[in-house]
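Letters go in sequence order (proteins before strands), and every chain restarts at 1.
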Amino acid sequence: MPEDLRTRSYPVGIAGVALEQLERNVADDEAPPLPPNARLSVIGQSTARLNGPAKVTGRATFTVDVKLPGMLHARMLRSVYPHARILSIDTGAAERQPGVRAIHVIEHPLGRAQELPGPGEPGDAHRRVRYVGDPIAALAAVTPKAAQAALERIVVDYQPLPFVIDLEDARRSDAPRVFDRPVRTEFFLGPAPQLPQHGNVHGPDTSASRGDAAAGLRAAELIVTGEFRTQVQTHCCLEPHALVADWRPEGLTVYISTQFTAGIREELAEAFGLPLNRVRVVVDAVGGGFGSKSRIGNYVLAAVELSRKAGAPVRLALDRHEEQIDSGNRPSTVQRIRLGARRDGTLTAVAIEAYGTAGVALGASVGNFAQSIYECAAFALEQSDVFTHAGPGCAMRAPGNVPGAFAYEQVIDELAERVGLDPLTLRERIDASPLRREQRRIGAERFGWSRRQPPGSSPGTLKRGLGMAQSHWPALIQINSSCEVRILRDGSVEVRSSVQDIGTGITTVLAQVVAEELGLSPQDIAVHIGDTDFPAGPPSYGSRTTASITPPARNAAYRALRLLMEVVAPSLGTTAERLIARGGRIGTLDASRSITFREAAAQLRNDQISAVASRSDDYGGFGRRMGDAAVGRMGLGGVQFAEVTVDTETGRVHVERVVAVHDCGRPMNPRQIESQVHGGILQGISYALFEERILDRHTGHMLNPNLEQYKILGARETPAIEVHVLENYQGNSATDAYGIAEPSIIATAPALANALYNAIGVRLRALPMTPAAVLTALGRVPCGSVPP
Amino acid sequence: MNGFEWMSPGSLEQAARAASATVATAMACRSGTPASDAAVLKAGGMDLLDLMKEGLLSPRRLINLRTLPGLDRIEPAGGGLRIGPNVTLAQLAADERLRTRWSALADSAGGAASPQIRQIATLAGNLLQRPRCWYFRSRAHHCVRKGGETCFAFAGENQYHAIFEHNGCAIVHPSTCATALVALGARLEITDRAGAKRTVSLEEFFLLPQADLQRENRLESGEIVTAIELPAQPASVRSVHLRYAQTESFDRPLAEVAVVLDLAEAVCRKAAIVLGACAPVPHRARAAEAALTGQRIDEALARAAAHAALQDAMPLSGNAYKVPIFTAVVRRAILAALVA
Ligand SMILES: Cc1cc2nc3c(=O)[nH]c(=O)nc-3n(C[C@H](O)[C@H](O)[C@H](O)COP(=O)(O)OP(=O)(O)OC[C@H]3O[C@@H](n4cnc5c(N)ncnc54)[C@H](O)[C@@H]3O)c2cc1C
Ligand code: SF4
């Protein structure tokens, strides 16, 4: 064994089911193994959010609250056509408007598929706008009103072009083209091979296939098929996308509502040719992101450009309409699934043909749900993106797996029915995950699964149904994640990292981790995050924040404490190795001698001691590594049970109760985890029943670009929710913690769909499951008229 | 939103004289850019501000009716009630007299919008709010109701549009309270610039598209609604308002029905049945009323009346699903009125 490795013993398994000890060789400077939560005093305890009071009293500072002296206000000019060539832009009148300080015309917009260089089309000298809301220009003025007034003076000469917004229309070979040339294939997680492109269809991507699906289907004793459709959902962050850009000769500072300060810094440095040490990105409170605030967009580049031109700070905040049409969305999908199975329910083959549209962007894949969740040697997946003249999609909470699970978990239920098995029994046979096995057991018991009646047997007009579905999500980790812990001479403690708290509560978790290590309480720890002047932290997407930043936080605390112990050991008449920190004191292992943490810190020679730690690899290794990110060896599970009532005369579906059983490695703060799961379930119900971007077929405009007409679940649609979280130890890092945000939304829509089927005996294969859709499925809508 | 002047009139007369246009006339234009010289009345401002923020209305001046004294009371009048125009939806929902004798109105007010909005929204403003048609609310769609050339709804996205009486324009009337008030036989007292008062039945006050494509009612500029009058209600009368929306939290209804029955035992002496969210005006279901009148009401009769109410429905390409919903809600409302 290399000298700097040490063999240590870690708890492994599910607490309450089977816990064993596992030996691992880990680096010597890693903090020692943590026992299960039951033996800890801060980690694993429900701790109230440290920034809760500031939020509920309105003291928290969101980016939209940032005001700098001399700050200008920017607005963006957007296309009113879904497809047009811009023949000319005249900004002269706008420039002469009072109060206008800078104008920027956008020539190379981001946030969409990028055409590969190649022979151009005639007329390509002009920029084309490709969706209603496509940004054209931006300007900054001394007041928002002056900016708006000037914006209306910019004269754009458009040559409208034919457009296509419907997914099926766009697939036809004679459909108007969104892009003339092939576009670069991009994957969120790294490089990808170039895919074919015919007309608006980019793909298929078959890289996830394995085995011989055709043979598997031939060998099947029965085949279950289904075609499923999911709609476009928008992120609906309560705080809009917003920033204040402050360009100065000495460097650029950007205050921005973001999920990834360090990433924004990198992107800005590259875009403006600045060294990293001249770019600073800062954020305090964030009002939601759900994937849409992960990267810089056109609005960010525009604000920075305007600040550079005007020599003053520039504020740009999108309004609700802009949020709805141009801040990303969850792409729509169409999925055709064929399952080959034996009579015992085991799978011989899975074949999925999927396509969907992220508008002018790529990314409508159905994720890794079907390819990962159940055992099947033969799996064929063909997925294609279809370009349409609509606003670009982007990552949204469990991208791909949410629409993927809606379809796949319904087909699995259909298979169960065909082979005469209870949905849980079938999953026992085909799901190898020990986590979900335990989750099904707990969930079924708490939910009362045994009450479930045969489909459609519920009497009367108000029918009751019970259903369940499962979740799968990869355990993602950002390896490039660092954290500093400082112990100051007055005994106070600081945690510093650029990681941001987008509302998920990492502030509180960091305080817990450091407090546990130092024997203090979370309130004693000042958490300074959301600033790239601190060591670079992970992004808050991909459910990876806690898994990425808590191990370095604990290791940094451990190392800082070692340094402190070295200093105070002589005064306690011992050596550092024989000291322990607990209950606000540092003392000998036998508790015979101790001093308070404060007294210890007072012995420091300098104002502070500090340690910086970075995320080590998982002790058991990673499944896969892609650049700064890695995938853990074990996925994250989750099982949800739903009880619904369906009014068969009005078509309304009401969710009465959801029982959710999840896992996220070592649970750090149960109350916050529960809150995340609530959020996932509520967003999942809203997706399943209400939300839908509606575009006008004749003009390409979004018709519900506000939070009144775009329907979202409210207080009265909120069911009783019961959350149960497993403690699943894997002995993989200094904290062994994983994420929960995305796993918690994946199973919700299919659980509702399965419950709805159980209630009415008819399956809904399209989202959202509106009254119109339910009534149509029940054959109650007269004269064959179908909702558009 | 444009800048505007704020005026707090000292009296009704001053307010009426200052008003240069109704909101409907201030919005109507050929070009798509509304005139910016109008002075319009403002009550709670819920609808007005929305229109202004969307750039659909750019008034020069807002005349605030909210501070005029005496307009926010519910008073007994000749066996009925006289409701001030500034009475809020929250007040209506909480009023004991309404809850016992005119419960359809209390139900409708209590179910509209959200608790926050009901605290601010006034009854007159509610009756006079502009339609929610999403083309109407979009600056990019200059439709006939705003003075343009086309109605986008017939060939477009019309899942929330009218299934009755959509002649040239397929809005559904936006006011929940209007559905109940028409069924209850309410009248409006309207005062003009000269201080002259007239009263008009609410049912006749509203206009169908064939009568006027650009306004939903007969209010003229300079006129102020000064009272909403509810006629006396014999003790034998029962009324309900049922509302059915996709989400129960502050969503616009997909269907609403007000039923007012004068009952002797279960025999119906007189019935008023009005459907909301289905036509450009509150839609009186006369065939359903006739089916009930003089009959003993039971489940089967209620079902027959509901079918009669929907007989003439003419759903558009995307809203036929509203027919079964209304059929159910009408039947349920009749049966609910029996036991109200
Ligand atoms: C999210 C949401 C949900 C909603 N849901 C519903 C619903 O379910 N049902 C429903 O009915 N409504 C609903 N509304 C609409 C809301 O109830 C109305 O906007 C509100 O009642 C308008 O009243 P106001 O006092 O604010 O009117 P204002 O906006 O002040 O005025 C509206 C109109 O009335 C005119 N006016 C007001 N008072 C007088 C007067 N005394 N004489 C002459 N003219 C006058 C004004 O000039 C203006 O044209 C909803 C609104 C929102 C935002
Ligand atoms: S229904 Fe009426 S308001 Fe809507 S687009 Fe047509 S004309 Fe305009």
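Residue B:A255: no heavy atom, backbone or side chain, is found under 4.5 Å from chain A. Proximity to chain B is limited to the backbone of A:L707, based on heavy atoms less than 4.5 angstrom apart. Looking at B:Y160, the atoms closer than 4.5 Å to chain A (heavy atoms on both sides) all sit in the side chain, from C-beta outward. Heavy atoms closer than 4.5 Å to chain B are found in the side chain of A:D647, but not in its backbone. Only the backbone of A:L695 comes within contact range of chain B, with heavy atoms under 4.5 Å apart. Contacts between B:R132 and chain A at a heavy-atom distance below 4.5 Å involve backbone atoms as well as side-chain atoms. Interface remark: A:L775 contributes side-chain atoms only to the contact with chain B (heavy atom separation under 4.5 Å).
When each of A:T699, A:L703, A:V80 is scored by its heavy-atom pairs under 4.5 Å with chain B, the top score falls to A:L703. Heavy-atom pairs under 4.5 Å with chain B were tallied for A:H698, A:R652, A:K145; the largest tally goes to A:R652. Contacts with chain A were tallied for B:T327, B:D251, B:V323; B:D251 has the most, counting heavy-atom pairs under 4.5 Å. Highest contact tally toward chain B, considering only A:E717, A:H321, A:R780, is held by A:E717 [criterion: heavy-atom pairs under 4.5 Å]. The candidate with the highest count of non-hydrogen atom pairs below 4.5 Å against chain B, out of A:Q709, A:K711, A:Q148, A:H654, is A:K711. Across B:A155, B:A140, B:S138, the residue that shares the most heavy-atom pairs under 4.5 angstrom with chain A is B:A155.
Atoms CE and CG, from B:M314 and B:L316 in turn, are 8.5 Å apart once rounded to the nearest 0.5 Å.
Judged by distance alone, the side chains of B:N158 and B:S317 do bring a donor and an acceptor atom under 3.5 Å apart. If you check the side chains of B:E256 and B:T179, you find a donor sitting under 3.5 Å from an acceptor.
Environment of CZ in B:F250: sparse, with no more than 12 heavy atoms of neighbouring residues, nucleotides or ligands closer than 6.0 Å. No more than 12 heavy atoms of other residues, nucleotides or ligands shown are found within 6.0 angstrom of CZ on A:R153.
Between A:Y158 and A:Y81, the two ring planes are perpendicular [angle over 60°; tilted spans 30° to 60°].
Judged as a ring-ring contact (aromatic ring centres under 6.0 Å, His included), and not counting sequence neighbours, B:F136 has no contacts.
Across A:A94 and A:A150, no two heavy atoms sit closer than the pair CB-O, 3.4 Å.
Two rings, from B:H141 and A:H701, have their centers less than 6.0 Å apart.
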